[in-house]
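Below is one structure, written out as structure tokens, with a few remarks after it.
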Amino acid sequence: MKTRKSKAGTKITVMAIATAVGAVAIKWKRLFVLWMVGMCCLGISQSVQAQCAARNEAFQSGEHVMYDLYFNWKFIWKKVGLASLTTNATTYHSEPAFRFNLLSVGSKKTDFFFKMRDTLTCYVSDRLEPLYFRKAAEEGSRHTVDEAWFSYNDGVASVKQRRTWYNPVREPQEMEYSDSRCIFDMLSILAQARSYDPKDYKVGQKILFPMATGRRVEEQTLIYRGKEDVKANNDTVYRCLVFSFVEYKKGKEKEVITFFVSDDRNHLPIRLDMYLNFGSAKAFFKSVRGNRYPMTSVVGKK
């Protein structure tokens, strides 16, 4: 009898964890890229009013960053997968460009309950202007591809977006949008944001900015919180800039993500804290190669 109870209890616990892991996987892609988006975006607000071009001061071709992804359900922490961000020089329509790839993959154990394969790709010009964005998501049985094409005319930025459904099969969804401000996607805004100098940030400072998701253009809100020392998954402690991504419901501010960015010229994300209705999730910086500058934000080892 005791054995049966133990097995039943174990089965219920495993099923609960599996359900939670599946739920966090669905939300993971959006939250992780929003964390990336938040990097140094406070500096962008003043520059995008007139033009989308900027000078690259932070990254170089060949940069490769790795992250470990974790989910917490009640008192249980579970590693749910890995994420990688790569940067390479290339061409787009025969012009010099950079290509960024963000890949998130569930672990073999979580694949048993819920398969997650998300790939985000974007191209920007050598002046960091958004050109093209693609987001392929394979989550459980669902498979979709979101795309965005950017163009510029007389100081106005335009984007054409389309979602294609592969499973389940549906009619494609399309929309177009124009703005006097620059319109970014989830990765191109990261490319520009990393080059801005945060020395003028003020604690509590807020900024709104438009972002194309592949289905719509959304106004996002970020708040700068200050600085904090943070441990990564390589036993190293980094001095970080702290930002919050928030939402407003019925006039109340809700913290969705807290993210920690290295306080050096690389401006690499070091840790992400996500607050979900059914638990919490974290992403930890694991390694980097091909970074343009030394990681001068390191404050020690633990």
Side-chain angles (χ1 to χ4, degrees), residues 31-48 52-67 83-89 98-102 120 122 124 126-130 182 184-203 205-207 209 211 220-234 236-245 257-273 282-299:
L31 295 177
F32 185 73
V33 296
L34 283 174
W35 172 41
M36 293 292 191
V37 164
M39 290 177 32
C40 312
C41 286
L42 292 174
I44 287 182
S45 60
Q46 297 177 352
S47 66
V48 299
C52 293
R55 182 176 178 178
N56 172 27
E57 299 282 1
F59 60 83
Q60 62 184 359
S61 179
E63 183 184 80
H64 182 83
V65 194
M66 292 294 300
Y67 297 90
S84 65
L85 177 66
T86 58
T87 303
N88 288 291
F98 286 101
R99 173 174 171 158
F100 299 91
N101 281 326
L102 176 63
L120 283 75
C122 91
V124 301
D126 57 358
R127 299 191 304 163
L128 306 185
E129 298 159 308
C182 188
F184 293 97
D185 59 71
M186 298 176 180
L187 292 183
S188 63
I189 196 170
L190 167 64
Q192 283 216 15
R194 291 179 60 184
S195 292
Y196 288 94
D197 187 348
K199 65 181 180 181
D200 294 326
Y201 291 175
K202 296 180 180 179
V203 175
Q205 184 175 347
K206 296 181 181 181
I207 188 62
F209 61 95
M211 184 181 71
Q220 307 292 356
T221 302
L222 294 163
I223 303 175
Y224 175 57
R225 301 297 191 186
K227 297 184 180 182
E228 185 176 329
D229 291 347
V230 174
K231 182 183 176 182
N233 259 25
N234 56 0
T236 303
V237 179
Y238 297 86
R239 182 182 64 257
C240 294
L241 306 169
V242 184
F243 295 86
S244 293
F245 171 75
I257 312 171
T258 303
F259 49 94
F260 306 82
V261 181
S262 66
D263 186 18
D264 54 37
R265 297 181 70 183
N266 297 290
H267 293 157
L268 287 175
I270 299 299
R271 196 183 88 197
L272 158 67
D273 296 350
K282 292 181 184 287
F284 290 91
F285 172 80
K286 186 176 182 180
S287 65
V288 62
R289 66 173 185 265
N291 43 305
R292 184 170 175 178
Y293 304 106
M295 297 290 290
T296 57
S297 57
V298 173
V299 297

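Note that these values count all heavy atoms, side chains included, but never hydrogens, waters or copies made by symmetry.
The shortest non-hydrogen separation linking K231 to F284 is O-CD2, 4.0 Å. Taking both residues in full, the closest heavy atoms of C240 and F260 are given as CB-CB, 3.8 Å, listed atom of the first, atom of the second, then distance. Between V203 and G226 the shortest heavy-atom distance is CG2-CA, 4.0 Å.
Looking at R239, its side chain does come within 3.5 Å of a backbone N or O of D263 through a donor-acceptor pair. At least one donor-acceptor pair under 3.5 Å links the side chain of N266 to the backbone N or O of P294. A donor-acceptor pair is defined here as one N or O able to donate and one able to accept, closer than 3.5 Å; such a pair exists between the side chain of Q60 and the backbone of G290. Between the side chain of Q192 and the main chain of C52, a donor-acceptor pair closer than 3.5 Å is present.
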Evaluate side-chain contact (heavy atoms from CB on, under 4.5 Å) for M66 paired with V288, printing each intermediate quantity in order. CA-CA 6 Å; M66 292 294 300; V288 62; over 6 Å; no

For L268 and M295, what are the C-alpha separation, side-chain angles and deciding distance, and is it a side-chain contact (heavy atoms from CB on, under 4.5 Å)? CA-CA 9 Å; L268 287 175; M295 297 290 290; 3.8 Å; yes

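The line from CD of Q205 to CG of L222 is 10.5 Å long, rounded to the nearest 0.5 Å. With rounding to the nearest 0.5 angstrom, the OG atom of S84 is 8.0 Å from the CG atom of N101. For the atom pair CZ (F184) and CG (L128), the distance works out to 9.0 Å, reported to the nearest 0.5 Å. Considering CG of L187 and CZ of R99, their distance stands at 11.0 Å, rounded to 0.5 Å. One distance of note links CG of N88 with OG of S61; it measures 4.5 Å at 0.5 Å rounding. Here the OG1-CG distance, from T296 to D264, works out to 4.5 Å after rounding to the nearest 0.5 Å.
Here the side chains of L272 and Y67 are not in contact, with every heavy-atom distance at 4.5 Å or above. Between C122 and P130, the closest side-chain pair of non-hydrogen atoms is not below 4.5 Å.
The pair D273-K282 counts as a salt bridge, with a side-chain nitrogen and a carboxylate oxygen less than 4.0 angstrom apart. Under 4.0 Å is where a charged nitrogen must lie from a carboxylate oxygen, and between E228 and R271 no such pair does.
Below 30°, between 30° and 60°, or above 60°: for F259 and F243 the angle between ring planes is below 30°, a parallel geometry.
Residues satisfying the ring pair (Phe, Tyr, Trp, His ring centres under 6.0 Å) criterion with Y238, sequence neighbours excluded, are F285. Partners of E57 by salt bridge (charged side-chain N to carboxylate O under 4.0 Å, His left out), not counting sequence neighbours, listed by chain and number: R55.
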